[in-house]
K.L.:
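The structure that follows is given in the form of structure tokens.
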Amino acid sequence: MRRRHLRIALLALTAMAGSVLMASAPAGADPTHSTASAGSKRSHLEDREAVGLVRIQLTGADMLDKVVAAGFDLEHGVKRVPTGIEAEAVLTAEQVAELQSMGVRILGGDEGFAWNEQADGGIRTAAKQTVQPLNHEQTVRVVRADWFTTKGQGFLYVEARTTEGQQADPVVQMQLENDSGVGTSFGFARTMSRFVDSGQYMFHRNLFKLDKRPSQIRVTSSTGGVTTGKVSDWLENAPPPLTDNPGYKSNFVDGYKTPQQLYGRAEEIARQYPDIAQIIYLPNQTNGYQRKAQATIGGTGESAVVVSSAAWGHEGGNDITVEFVDRAGANLPLSVEVTGKAIRVLLAKDASGALASTAAEVAAALETRSAGLIDRAHPYRTNAGTGIVAPSAPVALTDFLDQKRAGAPAGEVPRGPATIPVLRIGKHRDGTKPGVLIQAQDHAREWVPATTSLEAAERLVHNYKTDRETKKIVEDTDVFFILSNNPDGANYSFYNFASQRKNLTNHCPDENADPGRRDSWGVDLNRNYRVASGHDGYSGGSSVCTSGTYQGPEKLSEPEAKNIIWLVEKYRNIKFMMSVHSNGGQLFWQPGAYIADGRITTPRPPLGDEAFYWQSAGRILSQVKAYRETVVTPENVGGSSDVLYSSAGNVREDLYYTYGIYAFGWEVGGSVYNPATGNWQGGSFQPPWEGDPNLVSGHSETMEYANGIMEMFRVAADWGKDKKDPKSTLVPGGGKHRGPVDVRFETNEPATIYYTTDGSRPTLKSPRYEATDFREPGQVFHVTETTTFNWFSVDAAGNIERNYDPTKKDKRNNYRTATIKIVKK
Ligand SMILES: [Zn+2]
């Protein structure tokens, strides 16, 4: 199959496909560290292992789990394909080999899945079915059929489900056809792709180019089911963006920003606009942009000793030297001399005058006899330290933090713990307006989420006085921006290692605590929360300290995660949250995690919440599209574990299930359709700021996704003003029917229905009206006996239909009721 999702970094390097590719260094970030301080000697063991960006293919979520659990960094750029999952990984050569031994395929530059753009004739055998309206007895349902256009090209995306989808032998085949507009006939038969995740059948799907918008599709299964469905518009006919308003100011951010720059600007905004902005300092300082000074000395393997200073590098650790001294003579004991910050280990000699101190013995002597300068010394990795240590000239310990490299952003990087400011913007910051938390850069290397959030903040304060819509946002919402929630990691990404994802906290035991592993330490902040945690068996968080998705030693172990909980508990008006990540072009909500065995997800949001999420997503993504026609496709929107993978212990699950906050996850900067080539071009973590404005560019992504954040504020403002109760109906309504009848509920806005069929009054404990299956509309009841439905609906803002009070018995009993009378023939 032809590959359509090309990625720029790989295109340029296809000659090296299959081998390790060096990650392209972004402007101002040198992927190699500077060498140790002059005059001292350093072992190659401390060298950063060369990493490269490699595209891989996994058979599915189960393999993804194994690979993540084994410590591989596979987040983002992950794509569901019918044959499994494709991803990009930052890997060493050794890791590439390890992955291959686990069964992972390394993809070459032109390999990978692409949807077939040509109709292939479909499944043929079952094509001549008579079309019938869908009913419960049939086996095929249309889940979604979305039409969208981008840059002059139309696309159709379809999901359909068969009740026999799980069947393995033979696997059920599904065929998709479409018409070419109202009244035209079906044609262009295609075989649909079966999507299986963690052993569970999900649905069949297809995405392809079309020049003319179809009105209907027809889906046929090889087991005989057939149904038709209407095609809906996806992000078509969006209202104009705020940036079209006369005099509206935008385009404030002029490049990538370090945490210091982001926080400095946040504080400046609060000073410049005190009537609408303020700073809240989060109470838990980070563990700090700081490291212990280290060296690996005395040889390799069994003979190597890993030494770490007691003090942080910048607080004196970097001044320490360690020398292993070979003295003349025989029968000499191991001893340690300390003069100021100079440590001399006098190695033991045996009776024949040969060196006799093992690495384990030297490590123990350093820990106990270095006058407190060294508090951690141990053999290298998994070695027991049985080798005889070789003498060494004085080695200067270093924290390896490089902060003055050529091309790096100007300014000192403050060492030590950081205090994270929250920029709060709103005219009424008294808890009466719906709060929206925008949390960017949990993952250090994701630079665009930070600039996107800053751009949205700038637009609010600059347009407040002059733009009516912006004024409404500032007056009707209470916005909390965390422009970077991982300042230590972000500084490491800017000044040391561009691909850093996690924070800088080193929780590793001795075997992974040597400085050669320093780029793999840290906690994945978006795996450190309490709900659906990896500590409770959910999939997608790792207990391996060097893993890209290391979940931390316990839930909320990290100050950055504790702060978020503190914030939403203190400001209870926060009802919306966006966790902004890159890159992928995805918009997520719950469920976002599952237990792999049986694929047990966190509870699905009630139908009203699900519909509200979809409605909000449509609004937000329409505004993204308005900037330069970037379309986040419906295949990448929804419950994140449905459309991507399970993320144990992520922040969204905690905020939604613990506090009832509508918690979105966003991967900005995803694929962009390039009409010149007819291909989709994938994104990257640190694209050139001024790249091709129509393709991958930090600037364009910042501007278009800031449009989306502004729309999220309007969603919250509308939600806060929504005092109108929802209306629901039973379709068809009550009355006489000859023979069994299929009924369902409809609502005039996103709302959840609670109902009874036993004549009792409905309460919040009554059965909830559910989707037929996930990503589908509400279920259909097949009524065969006379049945009375009693029900009420609740909208996303909590308004109850007819102001019915389901919590107490009131005489009015003004819930809705309808009786379906079945008249037997
Ligand atoms: Zn991320």
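Atoms within a ligand are numbered from 1 in the order they appear, just like the ligands themselves. We're numbering straight along the sequence, starting at 1.
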K.L.:
Nearest N/O/S atom of His581 with respect to the Zn ion (ligand 1), by atom name, please.
P.N.:
ND1
K.L.:
Using 2.8 Å as the threshold, say whether any N, O or S atom from Glu446 sits that close to the Zn ion (ligand 1).
P.N.:
yes
K.L.:
Listing request: all salt bridge (charged side-chain N to carboxylate O under 4.0 Å, His left out) pairs with a residue in residues 649-664, at least two apart in sequence or in separate chains.
P.N.:
Arg530-Asp654
K.L.:
With a 3.5 Å cut-off and no angle check, do the side chains of Asp442 and Asn486 form a donor-acceptor pair?
P.N.:
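Note: Asp442 and Asn486 side chains miss the donor-acceptor criterion.
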K.L.:
Restricting to N/O/S, name the atom of His443 that gets closest to the Zn ion (ligand 1).
P.N.:
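In His443, the heteroatom (N, O or S) nearest the Zn ion (ligand 1) is ND1.
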K.L.:
Taking the six-membered ring for Trp, are Tyr705 and Trp666 ring centroids under 6.0 Å apart?
P.N.:
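Yes - the distance between ring centres of Tyr705 and Trp666 falls below the 6.0 Å cut-off.
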K.L.:
Angle between ring planes, Tyr656 versus Tyr662, binned at 30° and 60°: parallel, tilted or perpendicular?
P.N.:
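Tyr656 vs Tyr662 ring planes: tilted.
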